[in-house]
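Every chain is numbered from 1, with letters handed out A, B, ... down the list of sequences.
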2 protein chains.
Amino acid sequence: MPYTKKHKEQTRQKILQSAFQLFTTKGFDHITINEIMKNCQLTRGAFYAHFTNKASLYTESLKYAASKSKLSEFKENDISDKTWLKQLLDGYLSINHIKGVQPCPLGFLATDVVTRDPEAKLAYANAYDGMNKAIMAYAKSYTECNSDEILALTAMIIGAVAISRTLDDNKTINQLLSSCRQEAGIKLGGI
Amino acid sequence: MPYTKKHKEQTRQKILQSAFQLFTTKGFDHITINEIMKNCQLTRGAFYAHFTNKASLYTESLKYAASKSKLSEFKENDISDKTWLKQLLDGYLSINHIKGVQPCPLGFLATDVVTRDPEAKLAYANAYDGMNKAIMAYAKSYTECNSDEILALTAMIIGAVAISRTLDDNKTINQLLSSCRQEAGIKLGGI
DNA sequence: TACAATATATGATAAAGATCATATTTAGAA
DNA sequence: TTCTAAATATGATCTTTATCATATATTGTA
């Protein structure tokens, strides 16, 4: 009985993490299984001991990321102060986020996921739902916003990330991000 | 001297139109040159008499669409009434738009364009700039909005389109679109 | 109507990359 | 230390598709 189950599970998670980072920043079609495996010090062949194919890895990596997301953590905590909002805005709408540090799939894969299989789209939709729920929960404590206003707010935040990533000029990006931080802050009762 | 220049130009435009429709709805990597040509009753081989390669077709089709966009028309007209806003919101934030009728690349290609070459990104950035300018021009007449607020508004609108396309449930889509129409309408001085 | 130049179509090539089949390595247990 | 089953690596295959090379079709003009 070589290798402990723990070891395999750890390897699996390394692959998921690697895949998530690369898929979100480059998109499904621009990343090879080779690259994903190399990125976590493994090789192509090992892949198929863990996943059936590339498409399922994509879906699994989305689920994996959602399960580790800070957004869901926030939801569980009793939100007791406004630091959550500040963290959200400063983290999500930041140049660091745009450049790929802890990317959120909602903004990064908004177009990419459209052409994926139903499972992948479902994973994306669940993450989207989670984000809305988390912000709605916050808004309930601190604002008079109804859920429609939160839907629009979420679209703005995700849109800002998606658009920022298409732009080359950092000044333009910062202006966009700053505008959206400002608007979101106001809408959510101040930071 | 067979074929008039006009004929070649018309063929070129047919290809551009076909490419734009297919690229925007499916993304660069999920459309083959074959499909683009078949979609306008031509075949693969004819393609290279008009364009050097697939990447340049993508860029050209973005420019082509931008040049025909209603957004730029709006900018040129003296905006004399509020029908422009109504048309924008009802057209852009509509299920018809989401489903691919006259797709706008800003929402449809937000992620896709990130991995394209600099020329394609520039074409996208120009279209984005055009949209902002058009809405800013409108806002100047009808609201007290500053340009930062318009940047956030545009992000919301584009984000709403991008997210809607990822979702399968029409009810959810309509709710999102309706929320954003509502918010945008208020922000821009009522419809 | 026949020609010429260009547009279009067809067949060939070649590269990339997902997946499969097989070989090798690893580490825990006897 | 040796053995074994699972994990990992390597090599081979096969499909897809962009692009190239060549052949055919078209149409305005003489």
**Request:** Please figure out whether B/G45 or A/G45 has its closest DNA chain C nucleotide nearer the 5' end.
**Result:** B/G45

**Interatomic distance where CD belongs to B/Q10 and P belongs to C/dT6 [whole Å]** = 19 Å

**Salt-bridge contact A/E9-A/K14 (side-chain N to carboxylate O under 4.0 Å)** = no

**Prompt:** If you look at every strand shown and take non-hydrogen atoms under 4.0 Å, does A/I31 touch a base, only sugar-phosphate, or nothing?
**Reply:** sugar-phosphate

**Prompt:** With a non-hydrogen cut-off below 4.0 angstrom, is B/Y48 in contact with a base, only sugar-phosphate, or nothing?
**Reply:** base

**Asked** Can you tell which of C/dT8, C/dA18, D/dA18 lies closest to the side chain of B/K54?
**Response** D/dA18

**Request:** Ignoring the backbone of A/K8, work out which of D/dT8, D/dA7, C/dT8 is nearest its side chain.
**Result:** D/dA7

**Fill in**
Whole-Å distance, B/M37 CE to D/dT19 P, equals 13 Å

**Message:** Consider ring pair (Phe, Tyr, Trp, His ring centres under 6.0 Å). Of A/Y124, A/Y64, A/F28, A/F108, which one does A/F23 pass it with?
**Reply:** A/F28

**Request:** Mind calculating the distance between NZ (B/K14) and P (C/dA7) to the nearest angstrom?
**Result:** 14 Å

**Message:** Does A/R44 contact C/dG17 through a side-chain donor or acceptor facing the base, at a distance under 3.5 Å?
**Reply:** no

**Message:** Quick one, B/Y138 and B/L85 - any side-chain contact, counting heavy atoms below 4.5 Å?
**Reply:** yes

**Request:** I would like to know whether A/Y58 and A/D112 meet side chain to side chain donor-acceptor pair (under 3.5 Å); could you show each step before the answer?
**Result:** CA-CA 11 Å; A/Y58 185 92; A/D112 197 71; 2.7 Å; yes

**Message:** Over all strands shown, is B/T32 touching base, sugar-phosphate only, or nothing at heavy-atom distances under 4.0 angstrom?
**Reply:** sugar-phosphate

**Request:** Could you please name the option among C/dA9, C/dA18, D/dT19 that lies closest to any side-chain atom of B/T43?
**Result:** C/dA9

**Request:** Kindly say if B/T11 contacts the phosphate of C/dT8, meaning a side-chain N or O under 4.0 Å from OP1 or OP2.
**Result:** yes

**Asked** What closest approach, in Å, do A/C104 and A/Y92 show between heavy atoms, and which atom pair accounts for it?
**Response** SG-OH, 2.7 Å

**Prompt:** Over how many whole Å does the gap from B/F47 atom CZ to C/dT10 atom C1' extend?
**Reply:** 17 Å

**Request:** Could you tell me the separation between the CG atom of B/L22 and the P atom of D/dA18, rounded to a whole number of Å?
**Result:** 12 Å

**Fill in**
In whole angstroms, the gap separating C1' of D/dC20 from CG of B/N34 amounts to 14 Å

**Prompt:** When the distance from CD of A/Q41 to C1' of D/dA9 is rounded to whole Å, what number comes out?
**Reply:** 15 Å

**Prompt:** Just how far, in rounded Å, is C1' of C/dT8 from CZ of B/F51?
**Reply:** 15 Å

